[in-house]
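Down below is the structure, laid out as structure tokens.
In what follows, chains carry the letters A, B, and so on, assigned in the order in which the sequence lines appear, proteins first and then strands, with residues in each chain numbered from 1.
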Amino acid sequence: MTITSRRKAAMFATAGAVALGLAACGGGGDAEGGGTDGGDTGGSSGEALTLEQLQEEGTITVGFAGEAPYSFEEGGELTGATVALHERIWNELGIENVEGVQAEFGQLIQGLNAGRFDVIAAGMSILPERCEQAIFSDPEFMYTTALMVPEGNPEGLTDMQSIVDSGVQMAALTGAIEATYATDLGISAMEVGNPQDGLDAVVNGRADVFALTGISLNWMADNNPDAPIEVTESFVANIDGVDQVGAGGTVFRPSDTDLRDAYNEQLAGIVGDEASYLEVVGDFGFTAEERPTGEITTEQFCAGDIG
Amino acid sequence: MDWWSWDRAIEVLPELLVAFVKVTLVATVIGSAIAAVLGLIIAIVRRTAPAFIAAPVHAIMEFIRMTPIVIQLLFVFYTFTSVDGMTLGVIVLGVHYASYMAEVYRSGIDAVPKGQWEAAKALSMSPARTWRKVVIPQALRTTLPALGTWVISMLKDTPYLTVIFVVDMVRQAENYGSRTFVYTESITMAGLIFLAASYPISVLLRRMEKRLATY
């Protein structure tokens, strides 16, 4: 063996050892992910977090993304529609406190599975890819579309088809589902980078209508009482004869099925009754249109088996 | 819509200041302390310890210096899942900046004239005493201003802590934006608070530089 080849062998050995070391680190991380974060969170892998554990601690920690009106902090207080839902449900299940840990929206599921919090309360859409990583509660609300129009709705717009028919200028949020609807319907919509720009476009007349989820538009209208705009009633967009439905729910770790079942049981009592649903989430711009009717289940959303 | 509203700017200020004190300031102060002490230890170890210790220390330091702090934060956060984000964040900031500060210390130590070492030897001072009484005091003189620059840099790196679920001032400003759909005032105010915090440090550094200059 020459010196060079021996050196090469040593290099490979080192590289191998480093790789092994890293692998061991990764494995160790998974195994020790006990998540004893001050007793706040439950186990991250293997052992399921039970209702009894949480009742004993008296606190459940929810992950949230700081997105109004779903779950966000105001004046240091955790609030929002999904938070209100969680406070109601967990209190009924004998858990007094609901505490929040804020994370990047895209990191919520990762954080949940790493034991950084117990559940995710962020109004997360139930999508097949997400169902592979975690489990969802029953739908908590339906994502419907609404239109923001100038005060008095001069063009008399009601749904996507009315925009096509009247040929008005539409605005949509870049990356939002409404922008896709516009493309599908052959509407040439202007794209705005954030919801505020959409509102501004309607106010200053650059757009006649701004389409977005009803929840977001209602919340914006509530927070801009002086703006000369109004929001139409929410509707389920219909593209090529197919209703475009989406739903949001609470996310649990795959192991915590018992906890999710307990949550679902309480949730059904609230969602099943329009008055009590609006009592809990009505303050946050949610309307009867957002209340799930139970037609499409979480399983169907997870399977992508809709429309 | 006004593009700037003083009412909103004043409204958002208290929550920004709370986040500044609780996260930005705490992380910078503790992180700097860790970095300053650890950096000096690394510099001395690299200079005095036998090669089988100095070489790995050097390699680890280079590794930390050459990889982004965001990756380090995420890696540590998802490895040590039982430690909270703020604690890990402060440690990672401290260790990351220790690797920069070690280089500053090294150049400071190298700048101590050879004659000083020789004189200490001639007076039969022990190596420990030579370091403590002769080399480090002189090295610190030349390095303190440069260390301060890294402290300012660390202050400005604290927003990275948001990737490990720590709500710092910038995230707080974004929160205000996502709540009200207006970002201009909150982000601007956060920027001004950073400026207000780092400018005095830089003035202090310039003064220190003048006072400590020996040559």
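Residue Val163(B) touches chain A through both its backbone and its side chain, counting heavy-atom pairs closer than 4.5 Å. Using a 4.5 Å cut-off between heavy atoms, Leu74(B) contacts chain A through its side chain alone, with no backbone atom that close. For Tyr176(B), no part sits under 4.5 Å from any heavy atom of chain A, backbone or side chain.
Note: Phe20(B) and Phe194(B) have perpendicular aromatic rings, judged against thresholds of 30 and 60 degrees for the angle between ring planes. Using the six-membered ring where Trp is involved, Trp117(B) and Trp131(B) have ring planes that are perpendicular, over 60° apart on the 30 and 60° scheme.
In this structure, Ile152(B) and Ser202(B) have side chains that are in contact, with non-hydrogen atoms separated by less than 4.5 Å.
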Margin query: The test is ring pair (Phe, Tyr, Trp, His ring centres under 6.0 Å); show your working for Phe77(B) and Phe75(B) and say whether it passes.
Written below: CA-CA 6 Å; Phe77(B) 187 63; Phe75(B) 187 82; over 10 Å; no
